[in-house]
Amino acid sequence: MEAPIHTVNALFKQLGLGSAEQDIDRFIERNSPLRSDVEIHEAKFWTQSQAALLKELKDNDADWAEVVDQLSARLR
C-alpha cells in the first residue's frame with residue numbers, strides 16, 4: 001500500500017483556509033513575495049496555530065514536508 005499523497009489544497013484545509021484553487025491563488029497573491037530569509041512558519045500572516053502546524057509538519061512529517069516546501073516556493 002502506498003503512502004497517501006498530500007496536496008497544497010489539503011494543506012490549506014488543515015490550516016483552516018479556503019482550499020479551492022482560486023482561494024490558494026488569492027492567498028499567494030496577497031502574501032507574496034515572502035523574503036528568502038524567512039522560514040515559512042515564521043511569516044507574519046499565519047495565526048499562531050497555523051504557524052505551529054506548519055513547523056510541525058515540516059519538522060516531523062515527511063509526507064507533509066514536501067507540500068509545505070511547495071507552498072513556500074510558491075510564496076517566494
Side-chain angles (χ1 to χ4, degrees):
M1 178 188 262
E2 290 186 29
I5 298 174
H6 301 292
T7 64
V8 172
N9 304 75
L11 177 60
F12 270 64
K13 283 183 187 177
Q14 291 290 318
L15 293 167
L17 300 170
S19 60
E21 286 301 321
Q22 313 87 294
D23 298 325
I24 295 168
D25 290 343
R26 260 191 308 266
F27 179 89
I28 290 170
E29 286 175 25
R30 192 171 51 245
N31 294 295
S32 292
L34 182 60
R35 291 187 350 238
S36 61
D37 63 333
V38 176
E39 295 288 332
I40 188 167
H41 67 275
E42 295 172 339
K44 301 289 184 200
F45 47 79
W46 302 118
T47 65
Q48 189 174 14
S49 61
Q50 289 169 329
L53 176 61
L54 285 166
K55 182 165 177 29
E56 179 182 338
L57 292 175
K58 177 73 174 150
D59 291 348
N60 301 320
D61 194 325
D63 287 344
W64 282 103
E66 184 175 334
V67 179
V68 174
D69 287 342
Q70 289 172 11
L71 176 58
S72 180
R74 287 180 68 180
L75 283 163
R76 300 187 197 265

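Distance CD/Q14 to OG/S19: 10.5 Å, rounded to 0.5 Å. For the atom pair CD of E56 and NE2 of H41, the computed distance is 12.0 Å after rounding to the nearest 0.5 Å. Of the inter-residue distances, the one linking E21 atom CD with D23 atom CG reads 9.5 Å to the nearest 0.5 angstrom. Rounded to the nearest 0.5 angstrom, T7 OG1 and Q70 CD are separated by 9.0 Å.
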### Task
Go through the steps to decide whether L54 and L15 satisfy the test side chain to side chain contact (heavy atoms under 4.5 Å, CB included), and finish with yes or no.
CA-CA 8 Å; L54 285 166; L15 293 167; 4.0 Å; yes
### Task
Mind running side chain to side chain contact (heavy atoms under 4.5 Å, CB included) on D69 and K58 for me, showing each step along the way?
CA-CA 8 Å; D69 287 342; K58 177 73 174 150; 2.5 Å; yes
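What you find for L34 and A43 is that their closest heavy atoms are CD1-CB, 3.8 Å. The shortest heavy-atom contact between D63 and H6 is O-CD2, 3.4 Å.
Note on D25 versus R74: salt bridge recorded, some NZ/NE/NH1/NH2 to OD/OE distance being below 4.0 Å.
Judged by distance alone, with hydrogens and angles left aside, the side-chain atoms of W46 form a donor-acceptor pair with the main-chain N or O of I40 at under 3.5 Å. In this structure, the side chain of R76 engages the main chain of R35 through a donor-acceptor pair within 3.5 Å.
Looking at F45 and R30, their side chains never come closer than 4.5 Å, going by heavy atoms from C-beta outward. Counting heavy atoms from C-beta outward, L11 and L17 have side chains that stay 4.5 Å or more apart. Under the 4.5 Å side-chain criterion, counting only non-hydrogen atoms from C-beta, L71 is in contact with I28.
Counted within 6.0 Å of CD on E66, heavy atoms from surrounding residues, nucleotides or ligands total 12 or fewer; the atom is thus considered open.
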